[in-house]
Amino acid sequence: MNKKLAEIFYEIADILEIKKVQWKPAAYRKAARSIENLGEDVKEIYETKGEKDLEEIPGVGEAIAKKIVEYIETGRVKHLEELKKTIPKGVVEMMAVPGIGAKRAMKLYNELGISSVKELEEAAKNHKIAGLESFKEKSEENIIEGIEFMKKRGKRILLGMALPIARKIISELKKREGVKEAIAGGSLRRMEETIGDIDILVVASDYGVVNFFTKMPIVKKVLAKGDTKSSVITKDDIQIDLRIVKPEAFGSALQYFTGNKDHNIKLRDIAIKKNMKLSEYGLFKGSRQIAGKTEEEVYNRLGMEYIEPELRTETGEIEAALKKKLPKLIGYEAIKGDLHTHTKLSDGKNSIDEMAAAAEKKGYKYLAITDHGGKTIQHLNERQLEQEIKEIEKISEKQDIEILKGVEVDIGADGSLSIKDSALEKMDVVIASVHSGFKFPETKQTGRLLKALDNKYVNILGHPTARLIQEREPIKLDLEKIYEKAKERGIALEINSSLDRLDLNSSKAREALEIGCKFAIGTDAHTIEQLNHMGLGVGTARRGWLRKEDIINAQSLNKLKKWLGR
DNA sequence: GCCGTTTTCGGCCCGACTGTTTTCAGTCG
Ligand SMILES: Nc1nc2c(ncn2[C@H]2C[C@H](O)[C@@H](COP(=O)(O)OP(=O)(O)OP(=O)(O)O)O2)c(=O)[nH]1
Ligand SMILES: [Mg+2]
Ligand SMILES: [Mg+2]
Ligand SMILES: [Zn+2]
């Protein structure tokens, strides 16, 4: 629903731009971006809260809220249909080609009668376009390449896949002399669950780094190259944007490059109202730079607290920072143990021993082994769990780290659990997770989970929505009921840190926090290497405004045990 | 169309790169 609505508003924006309407295109685009990034379905908001709450979405006012409601109720937006009649069909489509905007699209239509991307490609290949005023042969080449790029433009990359790639490029850049600092910005630094491109900021006193960058072996194609920035496509079709700044502008440049776009625009607007100007080169009063060396300085001089990168989504963080009411977020180093791991006794790759040693090496105080429990393949039954407990007790004697005896049980279609209560009673930690029945309607799905949460041995609801990023939609749930029940029963909601899960996601975690829930960040590691995915979960938690006190595995072993009621 | 520590009317982010270009539009970050 959100995706579709965003498309509608982007299209309205394009048509209004063709019609040379002022400001509205930007307004519609801002609303479209907000809706696209919402993380909660607008239909959900409208149905559970109402039309007025739609106007709480940044950039959505009365008029756009009405159109959202119209779309939810009728499946169409009349305004768009009317607008479409006023411009030739296909012109909007052509605007999606890189290098073709409203004006050039209209010109192609008016003078050559071209009215689709397909016709545009034909015309370019047959050299019909060069010769038209302000089009040359080079434009034909660019059009053909642009259409090519559109066709194979890949999906966004998972954060967990992008991070190691970025780290590698950054370490290469740091080897080059003159590079004082190199750091990722953009969605990567904000720890968004998917990444459109990799943005890297380099501090250097000379701009020669650009040449070094565009000549790196991984580069396939240079899209743009100037004195201070460059964009390239790598051999595995990932776009990398590089920006070079001098040390005195490091903070303001990092602020700019970290975004997000709407956060930046809002900050710049605040600067204007204070008679200042904010850009990547600094915060200026007249021509005097009054901040720019550090990000903190920039935020402070704008009258607000420093805002952590993960919060920079333009969803209320600026207002909170102005009131100095930002939460103190959970730190990446604050995690004291992993509460969701598997061994080769179920479907993992490593032994209990190896997992415990790896966890200890990470500095953890405790580790829960939570193999799958149940009667099906790659699950441990009650008797096998009993054996696992014995083994853990034996291993515990030679390890400093506390190994918690855990199990991850499946929630059945009727809300029953895959392991008997008499066996659950003997465990330190019980995770209950949905691994089947993803398509149930909302009432059945919600009822099933509520019943599972009523089991008195369950401690954690594992990957609550069961979504897989870009693969599987979240199960249909009345989440508010789930959150309320979890809170009432003293059950933590998991933030599962698998690359393609990150479930709960950040916006849902933020809502659950409002209700007063507690959280467990778990890696769901099936190998010792995957224990390192914890940072993805912490990043997600930070994006959800969570603090140390909200997270059960950021507490000492004693506190955790008390909380687990064991 | 949206929005409010100067505003409910009158503003709306700012700069780099390309090439359509020699003073600027288009696009992108
Ligand atoms: N002030 C300002 N900054 C922008 C604008 N567009 C982008 N930026 C800044 C903020 C972005 O986070 C940063 C990098 O741009 P990207 O296009 O790579 O976006 P981002 O990384 O946020 O998301 P992505 O995952 O790449 O789609 O540049 C803009 O229109 N104005
Ligand atoms: Mg980016
Ligand atoms: Mg970028
Ligand atoms: Zn698991």
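Just so we're clear, the structure is a prediction, and the values are computed from it rather than from any experiment. Throughout, protein chains are lettered first and strands after them, A, B, ... in sequence-line order, and every chain is numbered starting at 1.
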Going through the checks in order, is the salt bridge (charged side-chain N to carboxylate O under 4.0 Å, His left out) test met by A/Lys273 and A/Asp269? CA-CA 6 Å; A/Lys273 297 198 166 120; A/Asp269 191 51; 2.8 Å; yes

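Atom CD of A/Glu55 and atom P of B/dC3 are 8 Å apart (whole Å). To the nearest angstrom, P of B/dG1 lies 14 Å from CD1 of A/Ile35. Protein atom NZ of A/Lys30 is 15 Å distant from nucleotide atom P of B/dC12, rounded to whole Å. A/Leu242 has its CG atom 20 Å from the P atom of B/dG15, to the nearest Å. Whole-Å rounding puts the A/Glu137 CD to B/dT18 P distance at 21 Å. What separates CD1 of A/Ile143 from P of B/dG19 is a distance of 13 Å, to the nearest Å. Atom-to-atom, CD1 of A/Ile270 to C1' of B/dT7 comes out at 15 Å; the value is rounded to the nearest Å. Atom CG in A/Leu5 sits about 16 Å away from atom C1' in B/dG1, given to the nearest Å.
Between A/Ser231 and B/dG29 there is no side-chain polar atom (N or O) within less than 4.0 angstrom of OP1 or OP2. For A/Lys136, no side-chain nitrogen or oxygen approaches OP1 or OP2 of B/dT20 to under 4.0 Å. Taking side-chain N and O atoms only, A/Lys277 has a distance below 4.0 Å to OP1 or OP2 of B/dG15. For A/Thr228, no side-chain nitrogen or oxygen approaches OP1 or OP2 of B/dA16 to under 4.0 Å.
The residue A/Arg243 sits close only to the backbone: its heavy atoms come under 4.0 Å of sugar-phosphate atoms, none of a base. Contact annotation for A/Asn264: no contact, since no heavy-atom pair falls under 4.0 Å across all strands. A/Leu322 comes within 4.0 angstrom of nothing in the nucleic acid, heavy atoms only. A/Gln22 comes within 4.0 angstrom of no nucleic acid atom, judged by non-hydrogen atoms across all strands. Across all strands, A/Gln239 comes closer than 4.0 Å only to sugar-phosphate atoms, never to a base (heavy-atom distances). Residue-level contact check: A/Ile64 touches the backbone only, with heavy atoms under 4.0 Å from sugar-phosphate atoms and none from bases. Across all strands, A/Lys273 comes closer than 4.0 Å to base atoms (heavy-atom distances).
Listed nucleotides B/dG15, B/dG19, B/dC12 differ in distance to A/Trp23; the shortest reach to its side chain belongs to B/dC12. Here the nucleotide nearest the side chain of A/Tyr281, chosen from B/dG26, B/dG15, B/dG1, is B/dG15. Nearest to the side-chain atoms of A/Ser279 among the listed nucleotides B/dC17, B/dC14, B/dG19 stands B/dC14. Of the candidate nucleotides B/dG1, B/dA16, B/dC13, B/dC13 has the atom lying nearest to any side-chain atom of A/Arg268. When the nucleotides B/dG1, B/dA16, B/dC13 are ranked by their closest atom to the side chain of A/Tyr28, B/dG1 comes out on top. Checking B/dG29, B/dA16, B/dC14 against every side-chain atom of A/Phe257, the shortest atom distance belongs to B/dG29. In this structure, of B/dT7, B/dC28, B/dC13, it is B/dC28 that holds the atom nearest to the side chain of A/Lys229. Of the candidate nucleotides B/dT20, B/dG1, B/dG29, B/dG1 has the atom nearest to the side chain of A/Lys67. Candidate nucleotides B/dC14, B/dG29, B/dG1 were compared by shortest atom distance to the side chain of A/Ile272, and B/dC14 ranks first. Checking B/dG1, B/dT18, B/dT20 against every side-chain atom of A/Lys138, the shortest atom distance belongs to B/dT20.
Salt bridge absent: A/Lys66 and A/Glu70 never bring a charged side-chain N and a carboxylate O closer than 4.0 Å. The existence of a salt bridge linking A/Arg33 and A/Glu314 is excluded, since no basic side-chain nitrogen approaches an acidic carboxylate oxygen closer than 4.0 Å. Between A/Lys3 and A/Asp41 there is no salt bridge, since no side-chain nitrogen of the basic residue lies less than 4.0 Å from a carboxylate oxygen of the acidic one.
Looking only at atom types and distance, the side chain of A/Thr465 has no donor-acceptor partner in the side chain of A/Lys508 under 3.5 Å away.
The base of B/dG15 does not come close enough to the side chain of A/Tyr256 for any donor and acceptor atom to sit less than 3.5 Å apart.
Spacing of P atoms, B/dG11 relative to B/dA16, comes out at 26 Å, to the nearest Å. B/dG1 sits 23 Å from B/dT5 when the P atoms are compared, rounded to a whole Å. Comparing the same atom, C1', in B/dC2 and in B/dT7 gives a spacing of 14 Å after rounding to whole Å. For the C1' atom pair drawn from B/dG10 and B/dT6, the interatomic distance equals 13 Å after rounding to whole Å. Comparing the C1' positions of B/dC28 and B/dT20 gives an interatomic distance of 16 Å, to the nearest angstrom. Between the P atoms of B/dC17 and B/dT23, the separation comes to 22 Å (whole Å).
Note on ring orientation: taking the six-membered ring where Trp is involved, the planes of A/Tyr28 and A/His79 are parallel (angle under 30°, cut-offs 30° and 60°).
Each of A/Lys323 and A/Asp227 was matched to the nucleotide of DNA chain B holding its nearest heavy atom; the match closer to the 5' end belongs to A/Lys323. When each of A/Glu17 and A/Glu319 is assigned the nucleotide of DNA chain B bearing its nearest heavy atom, the one mapping closer to the 5' terminus is A/Glu319.
Taking A/Arg76 as the reference, A/Glu81 meet the salt bridge (charged side-chain N to carboxylate O under 4.0 Å, His left out) condition, with sequence neighbours excluded.
For the side chain to side chain donor-acceptor pair (under 3.5 Å) with A/Lys220, the qualifying choice from A/Asp237, A/Thr234, A/Asp236 is A/Asp237, the only one to do so.
Pair check for B/dG1 finds B/dC12; Watson-Crick or G-U wobble, both atom distances under 3.5 Å.
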